[in-house]
Number of protein chains: 2
Amino acid sequence: MEKGKYIQQKDLSTEQKIKDAAAIVFQKKGFAATRTRDIAEEAGLNLALINYYYRSKKNLFDIIMEEKLSTFFRTFIPFILSEGKTPEEKIKRISKDYISLLLENPDLPLFVLNAIHTNPEHFTKIVYGAEQIQHSPLVAQLKKLNPKAKFEQFFLNIMALCVFPFIMKPAISHLSDILSKDFENLMKERIEMIPKWMDAMIKVK
Amino acid sequence: MEKGKYIQQKDLSTEQKIKDAAAIVFQKKGFAATRTRDIAEEAGLNLALINYYYRSKKNLFDIIMEEKLSTFFRTFIPFILSEGKTPEEKIKRISKDYISLLLENPDLPLFVLNAIHTNPEHFTKIVYGAEQIQHSPLVAQLKKLNPKAKFEQFFLNIMALCVFPFIMKPAISHLSDILSKDFENLMKERIEMIPKWMDAMIKVK
DNA sequence: AAAAAATTTAAACAAATGATTAAAATTATA
DNA sequence: TATAATTTTAATCATTTGTTTAAATTTTTT
């Protein structure tokens with residue numbers, strides 16, 4: 001009988017195995033629905049080891065949440081702040097790199113946004129980075145392109161176009177017989193289209 | 001007993017009070033984190049009444065989920081299928097009526113999409129309506145406007161632009177000192193902008 | 001190789017929680 | 001009004017679940 005599904009983890013430390021397993025289960029079921037026994041089973045380890053290495057379920061969750069918040073938000077911000085080039089090129093990079101990241105972590109958005117919903121304080125640590133955005137070169141470039149455009153709406157739009165499909169993923173996958181492409185191909189098509197769509201939207205008065 | 005026309009929470013039946021309270025708590029905390037005691041407290045009723053009227057927590061949740069799925073998806077589909085008029089006018093109606101609906105039910109999207117994530121079978125009942133969309137007049141009209149445009153992407157886009165901000169709401173509200181407008185005003189601005197943005201996106205080759 | 005330290009295990013505990021029960025209170029019926 | 005049916009209540013039950021404990025095992029140190 002195989003318990004943990006990831007055989008290549010044999011050589012990882014027990015501590016790491018627990019974190020990896022916890023990340024999988026927490027993302028699939030959320031904090032409340034996850035039992036420490038689920039994590040132990042996913043890791044193929046004894047239940048007590050979770051408390052031995054991480055003290056409590058909540059502490060383990062917070063550690064994972066901190067990492068996922070970084071992946072989700074802190075990866076996004078450098079894209080915005082990156083120097084040089086035109087807005088068009090920046091948008092192209094954002095959509096390509098961000099969607100690629102999400103294709104590797106499809107459960108990430110729902111997990112993070114759900115955690116912020118039930119515990120907004122989680123988000124406090126992120127605000128710092130967000131403040132930089134409004135003074136970024138990109139915002140200035142956009143203002144020049146279209147003085148009427150609001151940067152808040154711009155960021156909502158590019159995040160919405162990139163992220164929302166991943167939150168809808170279970171529904172989209174369920175519609176595979178209706179749709180012309182599967183989820184991954186839909187998203188790869190979006191990598192090409194989102195920059196064009198964003199360019200068109202920015203010019204709207 | 002015939003009820004008066006001006007029904008208040010006080011006059012509602014115990015059954016209804018439980019459902020209302022459960023909807024509030026389930027949307028705030030999700031299924032697993034919600035204790036039946038939370039629902040009883042929110043309703044101001046004895047704990048045992050929940051099982052008396054609804055048999056089990058899961059059954060009560062399923063009833064509420066069915067209603068919320070309808071509100072979230074089945075309200076959207078008639079907008080798409082509505083006859084006559086130009087695509088521009090239809091998009092204008094969708095964005096106005098759908099965002100207005102969500103402003104009244106801001107927790108709805110995360111709740112529904114989260115439930116589909118952990119239990120995709122919930123979504124099965126919705127597929128029927130979705131099949132109609134691809135043969136709708138709107139899809140034909142869009143094809144005419146731009147033969148290269150994919151209707152899957154169109155629906156992802158309009159849903160993303162309308163719905164995603166509500167999933168980000170706790171984060172957006174947390175940024176209120178950075179943003180020029182509060183959440184509700186941001187969304188009211190979007191009601192005006194989304195039709196223009198969608199029109200611009202549709203024309204992209 | 002012996003002792004000490006670290007890790008792992010099986011078992012158990014204590015609190016939380018969904019559900020039930022039987023009696024009390026209320027409302028409807030005859 | 002008296003009786004029956006329905007609704008509400010307080011108490012309790014049985015299970016689940018996060019955590020702890022103490023012994024067993026493995027690894028490191030001397």
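Lettering of chains follows the sequences in order, A, B, ..., and the numbering in each one begins at 1.
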Tell me, do [X] and [Y] make a side-chain contact under 4.5 Å, heavy atoms counted?
X       : Y        : result
B/Phe72 : B/Leu101 : no
A/Phe76 : A/Ile94  : yes
B/Ile99 : B/Ile194 : yes
A/Lys85 : A/Arg93  : no
B/Lys68 : B/Phe26  : no

Atom-pair distance ([atom1] on [X]; [atom2] on [N]), nearest Å:
X       : N      : atom1 : atom2 : answer
B/Asn46 : D/dA10 : CG    : C1'   : 7 Å
A/Lys29 : D/dG18 : NZ    : P     : 10 Å
A/Leu45 : C/dA10 : CG    : P     : 12 Å
B/Tyr52 : C/dT20 : OH    : P     : 14 Å
A/Glu41 : D/dT17 : CD    : P     : 12 Å
A/Tyr54 : D/dG18 : OH    : P     : 17 Å
A/Leu49 : D/dG18 : CG    : C1'   : 15 Å

Problem set entry | Non-hydrogen atoms of B/Ala40 and B/Leu47 that approach each other most closely |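 Heavy-atom minimum between the residues: CB-CA, 3.8 Å.
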
Under a 4.0 Å heavy-atom criterion, the protein footprint on nucleotides 13-18 of chain C, written with B, S and -, is ----BB

For nucleotides 23-29 of chain D, 5' to 3', base contacts (B), sugar-phosphate-only contacts (S) and non-contacts (-) with protein non-hydrogen atoms under 4.0 Å give -------

Going through the checks in order, is the side-chain hydrogen bond (donor to acceptor under 3.5 Å, both in side chains) test met by B/Asn185 and B/Asp182?
CA-CA 6 Å; B/Asn185 280 314; B/Asp182 66 12; 3.2 Å; yes

Sub-4.0 Å heavy-atom contacts from residues 58-69 of chain A onto DNA chain C, ordered by number: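 Here the set is empty: none.
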
_For A/Lys92, is the NZ atom crowded, meaning more than 12 foreign heavy atoms sit under 6.0 Å from it?_
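12 or below, so no.
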
So for atom CD, which belongs to B/Glu41, do other residues, nucleotides or ligands contribute more than 12 heavy atoms lying within a distance under 6.0 Å?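 No, CD of B/Glu41 has 12 or fewer neighbouring heavy atoms, counting only those of other groups under 6.0 Å.
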
What verdict does the side chain to side chain contact (heavy atoms under 4.5 Å, CB included) test give for B/Ile39 and B/Glu42, after you've listed the backbone C-alpha separation in whole Å, the side-chain angles of each residue and the deciding distance to 0.1 Å? CA-CA 5 Å; B/Ile39 297 170; B/Glu42 175 74 35; 5.7 Å; no

Exercise. Quick one: label A/Tyr53 by what it contacts on the DNA or RNA (base, sugar-phosphate, nothing), any heavy atom closer than 4.0 Å.
Key: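 Sugar-phosphate only.
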
